[in-house]
Chemist: 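This is the structure I have questions about; it appears just below.
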Amino acid sequence: MALITVSNLSIGYDSREILKDLDFQIHMGDYLCIVGENGSGKTTLMKTFLGLKDPIDGQILFGDGLHPNEIGYLPQQTLIQSDFPASVKEIVLSGCLGHSKNRIFYTKEERLLADKNIKKMGISHLKNQSFSTLSGGQKQRVLLARALCATKKIILLDEPVAGLDPRVTSDMYKLIHDLNKQGITIIMISHDVGCALKYASHILHIGENTFFGTKKEYLQSNVGRIFLAEQEEYARNA
């Protein structure tokens, strides 16, 4: 059974439709990269997955035991997130809020889970440090640990390497790839098509033309070939 089924979905904002008639499925263990032109609706689609925006039409169905409050999410960093006055441990623990059922205090199990994910991200030495003092790469590791506290099945990532230097970018992609190999389903928005094609099992291309399929199918499609050629031309002229 599919983890997520997107059926006849149309999305947008302020009643303005920007994408329509999307149909695809995501299964456990998939690594889906969402690519396309700026402003094509990638972030709007992710917010619709999370229930932060309502579809204009169609539906998103969750299966295979997945509940909407069991999705990990790593959003694009904002100035507010970057300057958030809390410790690393507090930020990571907040990932448990979705299934805390209005409890005031965290359970022992949730604190152990936070410690486990902090260790998994290699940031145990930063546990008591203020989030606002961390580097960009360290902050992304903290937010990834937070997302892991929310889920055992799937993480949504919106441009997780934006603004990071090449070495930190490479490390972050490897971390995400390792999580996928451990069974976590990945849905990631990326402007970096090269890395998307390196790690992804499936590609969703949205924009004037829409494509969903395996990485191999994308490379053989007209949509994929044209978009990759445009990206290469842009890189040469940058």
Side-chain angles (χ1 to χ4, degrees), residues 31-47 49-50 52 71-98 113-151 154-182 184-200 203-204 231 234-235 237-238:
Y31 190 136
L32 173 67
C33 275
I34 304 174
V35 300
E37 297 81 3
N38 290 337
S40 59
K42 300 186 293 294
T43 296
T44 301
L45 175 59
M46 191 164 281
K47 288 180 177 179
F49 278 139
L50 293 164
L52 302 175
I71 298 175
Y73 178 45
L74 196 162
Q76 291 186 38
Q77 283 204 53
T78 65
L79 185 60
I80 294 174
Q81 290 170 332
S82 296
D83 292 338
F84 198 72
S87 72
V88 166
K89 180 69 175 287
E90 289 169 332
I91 294 287
V92 175
L93 263 171
S94 69
C96 299
L97 290 174
L113 177 63
D115 284 335
K116 175 185 175 183
N117 289 323
I118 286 171
K119 183 177 180 181
K120 182 179 287 188
M121 292 296 103
I123 51 175
S124 296
H125 62 295
L126 302 173
K127 184 166 65 173
N128 297 315
Q129 195 162 321
S130 172
F131 182 75
S132 64
T133 66
L134 304 183
S135 68
Q138 289 169 336
K139 286 174 180 174
Q140 289 301 77
R141 285 176 180 254
V142 172
L143 295 175
L144 193 50
R146 178 184 184 275
L148 285 170
C149 283
T151 188
I154 184 168
I155 293 179
L156 277 58
L157 306 106
D158 192 349
E159 299 284 11
V161 301
L164 303 182
D165 67 47
R167 182 185 61 79
V168 177
T169 292
S170 178
D171 289 345
M172 181 60 65
Y173 276 129
K174 288 175 182 175
L175 270 177
I176 296 166
H177 182 52
D178 285 344
L179 291 175
N180 182 242
K181 289 192 294 184
Q182 294 165 23
I184 299 288
T185 302
I186 301 294
I187 302 176
M188 181 174 71
I189 293 173
S190 180
H191 69 280
D192 188 344
V193 181
C195 283
L197 292 174
K198 180 177 180 180
Y199 293 109
I203 301 290
L204 173 63
Q231 294 295 299
Y234 175 80
N237 296 326

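Quantities reported herein were computed from a predicted structural model and do not represent experimental measurements.
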Chemist: Give me the atom names and distance for the closest heavy-atom approach of Q231 to V193.
Modeler: CG-CG2, 4.1 Å
Chemist: To check you understand the geometry: which heavy-atom pair defines the closest contact between G137 and L164, and what is its length?
Modeler: N-CD2, 3.6 Å
Chemist: Quick one: closest heavy-atom pair of D165 and V168, and the distance?
Modeler: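 Scanning both residues completely, I find the closest heavy atoms to be OD1-N, 2.9 Å.
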Chemist: A side-chain contact here means heavy atoms from C-beta on lying under 4.5 Å apart; do R141 and D171 qualify?
Modeler: yes
Chemist: To the nearest 0.5 Å, what is the distance between CD1 (I176) and CD (Q140)?
Modeler: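 One gets 8.5 Å once the value is rounded to the nearest 0.5 Å.
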Chemist: Applying side-chain contact (heavy atoms from CB on, under 4.5 Å) to L50 and Y73, what does each step give before you reach the verdict?
Modeler: CA-CA 8 Å; L50 293 164; Y73 178 45; 3.5 Å; yes
Chemist: First locate atom CG of L143, then atom CG of L74, and finally report the distance between them rounded to the nearest 0.5 Å.
Modeler: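 Reported to 0.5 Å precision, the distance equals 5.0 Å.
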Chemist: Quick one: pull up SG in C149 and CG in D115 and give me the separation to the nearest 0.5 Å.
Modeler: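 Reported value, rounded in 0.5 Å steps: 9.0 Å.
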Chemist: Ignoring hydrogens, what is the shortest heavy-atom contact between R146 and S94? Give both atom names and the distance.
Modeler: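 Heavy atoms of R146 and S94 come nearest at NE-OG, 2.8 Å.
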Chemist: Quick one, M172 with L144, criterion side-chain contact (heavy atoms from CB on, under 4.5 Å). Give me CA distance, side-chain angles, the key distance, then yes/no.
Modeler: CA-CA 10 Å; M172 181 60 65; L144 193 50; 4.1 Å; yes
Chemist: How long is the span from the CG atom in L179 to the NZ atom in K120, to the nearest 0.5 Å?
Modeler: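 These two atoms lie 6.0 Å from each other.
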Chemist: Can you name the one residue among L126, T133, N128, L134 that meets side-chain contact (heavy atoms from CB on, under 4.5 Å) with S130?
Modeler: T133
Chemist: So, do V92 and M121 sit near enough that their side-chain heavy atoms are less than 4.5 Å apart?
Modeler: no
Chemist: Quick one: CG on D158 to CE on M46, what's the gap to the nearest 0.5 Å?
Modeler: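 Here the interatomic distance stands at 5.5 Å.
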Chemist: Locate the shortest heavy-atom distance separating I203 from V35; write the atom from each residue and the value.
Modeler: CG2-CG2, 3.9 Å
Chemist: If you define the side chain from C-beta out and look only at heavy atoms, does anything of V142 sit under 4.5 Å from F131?
Modeler: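 Side-chain contact under 4.5 Å: yes.
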Chemist: Could you list the residues that satisfy ring pair (Phe, Tyr, Trp, His ring centres under 6.0 Å) with H191, not counting sequence neighbours?
Modeler: none
Chemist: Compare every heavy atom of S190 with every heavy atom of D192, then report the nearest pair and how far apart it is.
Modeler: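 That would be N-OG, 3.0 Å.
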Chemist: Which label fits Y199 and Y31: parallel for a plane angle under 30°, tilted from 30 to 60°, or perpendicular past 60°?
Modeler: parallel
Chemist: Quick one, I189 and I34 - any side-chain contact, counting heavy atoms below 4.5 Å?
Modeler: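 Yes; the side chains approach each other to less than 4.5 Å.
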Chemist: Mind checking the OG-NZ spacing from S124 to K89? Nearest 0.5 Å is all I need.
Modeler: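 It is 10.0 Å, given to the nearest 0.5 Å.
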Chemist: Which residues pass the salt bridge (charged side-chain N to carboxylate O under 4.0 Å, His left out) test with K174, not counting sequence neighbours?
Modeler: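 With sequence neighbours excluded, K174 shows a salt bridge (charged side-chain N to carboxylate O under 4.0 Å, His left out) to no residue whatsoever.
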